[in-house]
Amino acid sequence: MLLFLLRRVLIVLLSAFCLTLIVFLLTNLSPNLEKLAKSEAGTRITDREVAVWLEQHGHARPLLVRYASWLGLAPAWAPPGRHLPGQCAAAAEDDADAPRYCGILQGNWGTSTVFRGDVATILGVRLALTGNLMLWVMLVMVPSALLVGVLAGMREGSVTDRTLSSFSIVTSATPEYVSGVILIAVFASSMTGLKWFSGTAGSVADKGPSFDTMVLPVTTIALYGMGYVARMTRASMAEVMTQQYIRTARLKGVSFRNVVLKHALRNALIAPFTVIMLQFPWLLNGVVIVETLFNYKGFGWTLVEAAGANDIDLMLGCSVVAVVVVLVTQLLSDLGYVLLNPRIRVH
Amino acid sequence: MTDQTSRDPILEIENVSISFSTRLREIPAVMDFSCAVMAGEAMGLVGESGCGKSTVALAVMCDLGRNGRITSGSIRFKGRDLTTMKDDELRQIRGSEIAMIYQEPMASLNPAMKVGAQLAEVPMTHQRMARSEAWALARQIVADVRLPDPERILNAYPHQLSGGQQQRIVIAMALMAKPALLILDEPTTALDVTVEAGIVALVKELGAKYGTSMLFISHNLGLVLDVCDQICVMYSGEAVETGNVGDVFTDMRHPYTQALFRSIPLPGADKNERPLISIPGNFPLPHERPEGCNFGPRCGYFDPGRCDAADIPMKAIAGDARHETRCLRWSEIDWSALPQASATREKRPPGEVVLRVDDLRKYYTVSSNPFGGGATRIVKANETLSFEARAGETLAIVGESGCGKSTFARMLMGLETATAGRLEAFGSSLEDIPIEKRDADTIANLQMVFQNPFDTLNPSMSVGRQITRALEIFGRSNTDPERESAMLKLLDMVKLPRAFSERMPRQLSGGQKQRVGIARAFAGGAKIVVADEPVSALDVSVQAAVIDLLLNIQRQNETTLLFISHDLSIVRYLSDRIVVMYLGHVVETGTTEQVFSPPYHPYTEALLSAVPIADPKVERKLILLDGEIPSAIDTPPGCPFQTRCHWKSRIGSNLCEREIPPIRTLADGHLLKCHLSDDDLAHMEPVFASERGCN
């Protein structure tokens, strides 16, 4: 078991390394750097001045060296005449005390140019907000999706099945920017709507979440994800219900209710479990649209801001978080699979 | 057999018709079926696949699915009509009064639930028993079905048990509520013969102990003879003959029953002097049944204008109790007439040695830790195999699953390479050469006929194309027209119409598919053919025809046939020499007569005694093996068979546990791997007491 975990963790680290390298390459393309130079040193500087600025700030070094120093595996950039660059030197009293290595591995995520602050701190705050949103989405989405899927799948082809399946298809075929707009128009619009809930969640960042502000963003995301999970659950449940051991249970005289709850459910949940775990990374990205739409100042919103303003350090930080979330949920999903399915042997 | 008519019937099925509705049409699966099971009686339901026997069983359970329904007739259980019962009432009867045992134990146990929980559920549902009490009862019943260490078994998941143990659990589950009627649907088909013998003995014993009536569904006539008092033979949705087991087995009064018995290899059948007689033609599909007698088109006694005029009712046979037949001509046919002997064949002298196996071994390494890593252990799949096969000879390799017979076949075909030893075919060593490195000639000369014709043909390639492809690979003909004509000749050889070359595998029946498999194997004029249980997936009436075909082709081509099987009746019928394997060891080698008569290796003796024989005149000594076949990872020290051998007590000083017995030569070509003394061997009794031919 330990060996298995160790191996998986190693694979996770390796994937994280490769993925961040790709993101680093893409965010550090020369047009991006030029734009950075212009936004930092003035928009009207000449090409020569751009080159000088890039030279002075260490962006002219070879790409892999820059990547290594961002990671913290190579010495941080020190401009000529100074021992160390900005952020790490600022933390130290004296140039000489400052650490030579200053990257992600040392806990230094860089500085955001948009929010004028430490990337790690900004991400922490934003992730907490998004985490809160995701928690509610999961609490709403997973039970209702499983319920819909199980109810639909236990009697394949029945009226209940047809109705619930159609419902799931409709919700999973409606993207968030459509359902979000519809929900806002129906429930929140001050002109025509019912005015039950608030159409913006901008205040959550300052005042904390409230039912009024959270209902619509949570519903929008949950509806979309629910259709997919429900259809997976239904397919899995329908298949399990045709298995011979279900017939055994039925012919043992077990009531239909208990056949479903005791015999079918656990077996039927094995397949959707993986899908549900896959929903976590998907949520992280899916929230981009919803957070922007509802002005919910979480992770997705931050990502949009960072991309819009060419905030390289913040974008890199966001991608690290995304990579870690994807890989960790995959690891958890594999482990959970083993627990749910006693037949599994990991090789 | 005692007369049981005085008792009340537990189950009475009267003129039941069942049909399944599909999009295209309503398919009548069972028509006008009647039978009665008395208290304490075992009724056998026999027939080929598709004849409707399982449908009858499910109808008794009222579990025909959404498409199936009982269109007419009644099924009365203890006087109450099951067909008109409500769901609630049915539920109270299912599991408590009527219980069922299924064909595939693994599939019928919930994989995600502990065995104990599945057992305890029965009394908890029906008697509202408390959980702890129900588990205690489960423990007791598990001990009743003679499973070792009930505590461990109860806390295990189904996949942690062997097939035989799983089936015992399914039986235990059926017995939890002490039902009045037990329905067994091919309960041993998926199991090995020695395991089957144990299960059958258990079922009989428990039936007697609890006075349970049984409806025993099987295609194996020998088993039915073993277990049942009454028998009902079904053909194409109808009962064609029913009666007392003794009457039906000795004085059958329906042509189908007779044909069925003539197509199975009973002791006395011989491939040269008295070949099996297959039933001509194919089983009619439910919507293509002929007018009048369903068996008419395949029947030797068919009388046009009479047999195909109108539906034929069941008629009682005068003189026998409860013996009925669905044949108009039963009183006209001379039932004692011997079948017209088809041309007898001359026995051929064996040719020169073409395959030589010397001290061949195959070991696999596996990791002992379920999560990978950890210490590795060695699986000894084949240990010191030594034998040879001659041109034109049929050599049978016999043993139960896990004995290493398939591993040997894989090495011969080049799918695996040997760990040590020599494997020599036509004078060249093959033990180290995997199939990718063998030349086309070797591959064409060494071919295989596979067990399951349903999975081994490419479903999206026409029959002709698959055979042509084999010809291409073997490099036997150069141009397309040549290959085309060679392919058509191969179809002629396996007696398939030439038009079949355009057909897709799904349009063929099981027997026809296996013929295609044989044509493919012989496409390159194979000299050694490994037939891995080639007929075990086929119905008995088809088996005979396929075996006959295989033997004819073998004669024409002087092919060496390595016939891998666990079915000793067929092996006895067609093989010249036999190799008996157990846990990777060859324990006995000899000619068919030598192996089938004493002295035996103790394992051969048990294997022979486990095979049910569909002949009431043959008495066999029953030897039940204890325990399971040991895992090939933890092979016992010394003799591989010592953990289950009942002759072991004859050998003193733990010799069996210490040393692997040497190979001894008893007679010319009869080799035995056993410590037993010559004296003990000489006093061994034959397994079959009165051995006479029967037809």
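Per chain, numbering begins at 1; letters A, B, ... match sequence-line order. Heavy-atom basis, side chains included; hydrogens, waters and symmetry copies ignored.
Within the 4.5 angstrom heavy-atom criterion, only side-chain atoms of M173(B), from C-beta onward, approach chain A. In this structure, the portion of L58(B) lying under 4.5 Å from any heavy atom of chain A is its side chain and not its backbone. Heavy atoms closer than 4.5 Å to chain A are found nowhere in A99(B), neither backbone nor side chain.
Counting heavy-atom pairs under 4.5 Å between each of S108(B), A117(B), G95(B) and chain A puts S108(B) at the top. Of the listed residues (E121(B), M100(B), E104(B)), the one with the most heavy-atom contacts under 4.5 Å to chain A is E121(B).
Y228(A) is linked by a side chain to side chain donor-acceptor pair (under 3.5 Å) to nothing, counting only residues two or more places apart in sequence or in another chain.
The two residues M124(B) and A134(B) come nearest to each other via the heavy atoms CG-CB, 3.7 Å.
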Expected list for residues 131-143 of chain A: side-chain donor-acceptor pairs under 3.5 angstrom, two or more places apart:
| from | atom 1 | to | atom 2 | distance (Å) |
| --- | --- | --- | --- | --- |
| N132(A) | OD1 | W136(A) | NE1 | 3.3 |

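Between the side chains of Q118(B) and Y245(A), no donor N or O sits under 3.5 Å from an acceptor N or O.
Looking only at distances, no side-chain donor or acceptor of R139(B) sits under 3.5 Å from a matching main-chain atom of L154(B).
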